[in-house]
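The next block holds one structure in the form of structure tokens; read it before the comments.
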Amino acid sequence: MKTLKIAIQKSGRLNEKSVEILKNCGLSFENYKSSLISTVTNFPLEILFLRDDDIPEYVQDGIADLGIVGENVIHEVNADVTYLQKLGFGKCTLKIAIPNESEMTDISQLEGKAIATSYPVILEKYLKDNEVNAVVRTISGSVEIGPGLGLSDAICDIVSTGGTLKSNGLKPFAEVMNSEAVMICSKGTELNEDVIELLQRIRSVLRAKENKYVVLNVAKVNLEKVVNLLPGVKSPTVVPLFEPDWVAVHSVITEQDFWEKINLLKAAGAEGIVVMPIEKIIA
């Protein structure tokens with residue numbers, strides 16, 4: 001049976017989470033910090049540790065069957081790959097930013113202005129879509145210093161928290177695209193049985209991360225009210241307690257729903273509410 005190859009970032013903001021999700025899928029591998037290739041011992045898979053800019057083309061060309069990389073990187077190199085799954089981490093936004101003192105208020109005011117960026121392909125498409133003719137100046141790294149050096153009137157770069165913009169006297173001006181880490185594969189590889197198996201594992205981990213296992217006690221007289229607030233994977237499980245007329249209710253609920261409903265649950269008569277993490281959910 002063919003051993004699959006998956007490419008992930010060797011170092012950077014996606015590396016740790018990529019390794020974490022693979023290990024949470026039950027994959028066993030070592031030496032990923034000191035090697036460019038690591039073999040998974042309990043699944044037909046090899047992990048390639050690459051520069052994120054190289055991952056989409058490695059997958060497109062079939063050198064790697066799978067990859068975990070940011071959507072922004074895929075768009076920048078125009079890679080011809082198949083999207084398998086958004087992974088929920090590495091979220092960021094590609095934004096145009098301008099100096100704090102700038103009085104520009106509309107994207108049309110970038111007409112004729114110079115914009116420094118490490119993402120010229122994405123930026124040029126955005127400007128074209130908005131019918132703006134601007135000068136795109138491609139530089140690698142530290143694009144935030146462009147306006148301060150007189151190199152550009154604005155920048156276009158990845159923004160996570162906005163702290164780097166503030167420290168360089170810049171403010172967000174326009175949102176170009178949202179991005180997060182995604183799992184991709186080369187064309188046709190999505191039909192491979194091992195790819196299907198790995199994707200199922202990843203989805204089970206993602207579903208578990210979004211949900212919590214909740215156990216609570218309630219008097220039978222209030223059971224219907226509580227159950228109506230706690231839809232489970234199919235329906236809540238109800239278990240009799242030693243104390244007559246009381247039951248324990250077990251359910252799975254999204255964390256967001258839980259925090260929105262906790263006061264309603266208590267008001268409906270729920271007591272002794274225990275919330276626990278879930279490791280996997282198999283659909």
Side-chain angles (χ1 to χ4, degrees), residues 1-25 27 29 32 35-40 43-95 117-126 128-129 138 140 156-158 160 175-207 209 283:
M1 182 178 294
K2 176 189 174 184
T3 298
L4 295 173
K5 292 181 173 62
I6 184 169
I8 69 172
Q9 191 181 59
K10 179 172 176 57
S11 60
R13 63 190 184 92
L14 299 188
N15 170 265
E16 185 177 329
K17 289 292 186 180
S18 297
V19 169
E20 179 184 309
I21 197 168
L22 292 177
K23 285 189 172 289
N24 286 342
C25 288
L27 305 182
F29 55 94
Y32 63 89
S35 174
L36 295 178
I37 301 178
S38 184
T39 299
V40 176
F43 195 83
L45 183 69
E46 287 183 340
I47 304 171
L48 311 180
F49 296 91
L50 307 172
R51 290 174 61 252
D52 56 353
D53 292 348
D54 295 332
I55 293 174
E57 292 184 89
Y58 268 60
V59 175
Q60 172 186 275
D61 297 340
I63 299 170
D65 304 288
L66 302 159
I68 294 177
V69 69
E71 292 174 280
N72 58 297
V73 180
I74 300 169
H75 283 259
E76 183 60 29
V77 300
N78 283 322
D80 185 20
V81 296
T82 297
Y83 279 63
L84 292 177
Q85 179 68 47
K86 291 192 174 187
L87 299 174
F89 61 83
K91 292 184 178 181
C92 60
T93 305
L94 188 62
K95 292 184 178 182
T117 186
S118 299
Y119 298 92
V121 173
I122 295 174
L123 176 58
E124 286 173 359
K125 182 180 185 303
Y126 174 81
K128 182 179 180 180
D129 290 344
T138 305
S140 58
C156 179
D157 201 17
I158 290 294
S160 295
E175 188 172 293
V176 176
M177 75 168 291
N178 293 310
S179 175
E180 68 178 275
V182 293
M183 186 174 178
I184 58 175
C185 71
S186 54
K187 294 292 184 177
T189 307
E190 67 272 17
L191 303 176
N192 181 289
E193 290 184 3
D194 290 326
V195 170
I196 293 171
E197 166 67 21
L198 181 58
L199 186 58
Q200 176 179 294
R201 293 191 189 193
I202 286 176
R203 286 173 174 166
S204 74
V205 170
L206 294 176
R207 279 192 292 267
K209 189 174 182 180

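None of these values were measured; they are calculated from a predicted model.
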The single option from L84, I74, I6 that satisfies side-chain contact (heavy atoms from CB on, under 4.5 Å) with I184 is I74
Does OH belonging to Y58 count more than 12 external heavy atoms closer than 6.0 Å?
no
Enter the distance from E190:CD to I196:CD1 here, rounded to the nearest 0.5 Å.
9.0 Å
Under the side-chain contact (heavy atoms from CB on, under 4.5 Å) criterion, do T3 and T39 qualify, and how do the steps go?
CA-CA 10 Å; T3 298; T39 299; over 6 Å; no
Apply side-chain contact (heavy atoms from CB on, under 4.5 Å) to I202 and L87, showing your working.
CA-CA 8 Å; I202 286 176; L87 299 174; 3.8 Å; yes
Do you know which two heavy atoms are closest between V121 and H75, and how far apart they sit?
CG1-O, 4.0 Å
Over 12 non-hydrogen atoms of neighbours within 6.0 angstrom of NZ in K91:
no
If we ignore hydrogens and angles and just use 3.5 Å, is the side chain of T117 paired with the main-chain N or O of Y119 as donor and acceptor?
yes
Should we count CD of E16 as having more than 12 external heavy atoms under 6.0 Å?
no
Closest contact, heavy atoms only, L48 versus A64:
CD1-CB, 4.2 Å
Is D65 close to K2 at the side-chain level, that is, under 4.5 Å between some pair of heavy atoms?
yes
Out of curiosity, C25 SG to E20 CD, how far, rounded to the nearest 0.5 Å?
10.5 Å
Under the side-chain contact (heavy atoms from CB on, under 4.5 Å) rule, what do Y126 and L94 come out as? Steps first, then yes or no, please.
CA-CA 11 Å; Y126 174 81; L94 188 62; over 6 Å; no
Say whether, by atom type as modelled, one donor and one acceptor occur between the side chain of N192 and the main chain of D194 under 3.5 angstrom.
yes
Hey, is the main chain of E71 close enough, under 3.5 Å, to the side chain of S179 for a donor-acceptor pair?
yes
Heavy-atom closest contact (D80 atom, K187 atom, distance):
OD1-CE, 2.9 Å
Less than 4.5 Å apart, any side-chain heavy atom of I122 and any of V176?
yes
Where D53 and V77 come nearest, the two heavy atoms and their spacing
O-CG1, 4.3 Å
Does any part of the side chain of R201, heavy atoms only, come nearer than 4.5 Å to the side chain of F43, both counted from C-beta?
yes
What's the separation between atom CG in N78 and atom CD in E57, rounded to the nearest 0.5 Å?
9.5 Å
In the structure I gave you, are the side-chain heavy atoms of L50 and K10 within less than 4.5 Å of one another anywhere?
no
Show the nearest heavy-atom pair for residues I68 and S18, with the distance to one decimal.
CG2-OG, 3.4 Å
Backbone N/O of V81 and side chain of Q60: donor-acceptor pair under 3.5 Å
no
Ignoring hydrogens and angles, state whether a donor on the side chain of Q9 or D52 is under 3.5 Å from an acceptor on the partner side chain.
yes
For the pair F49 and S11, evaluate side-chain contact (heavy atoms from CB on, under 4.5 Å) and give the outcome as yes or no after the intermediate values.
CA-CA 8 Å; F49 296 91; S11 60; over 6 Å; no
Donor-acceptor pair, K125 side chain versus E76 backbone, under 3.5 Å?
no
Roughly how far apart are I158 CD1 and M177 CE, rounded to 0.5 Å?
7.5 Å
Euclidean distance, K95 NZ relative to D157 CG, rounded to 0.5 Å
12.0 Å
Just how far is it from atom CD1 of I8 to atom CG of L66, taken to the nearest 0.5 Å?
11.5 Å
Applying side chain to side chain donor-acceptor pair (under 3.5 Å), can you list everything that pairs with Q85, at least two apart in sequence or on another chain?
R203
Any donor-acceptor N/O pair, S186 side chain to G62 backbone, under 3.5 Å
no
Restricting to salt bridge (charged side-chain N to carboxylate O under 4.0 Å, His left out), what partner residues turn up for R13, sequence neighbours left out?
none
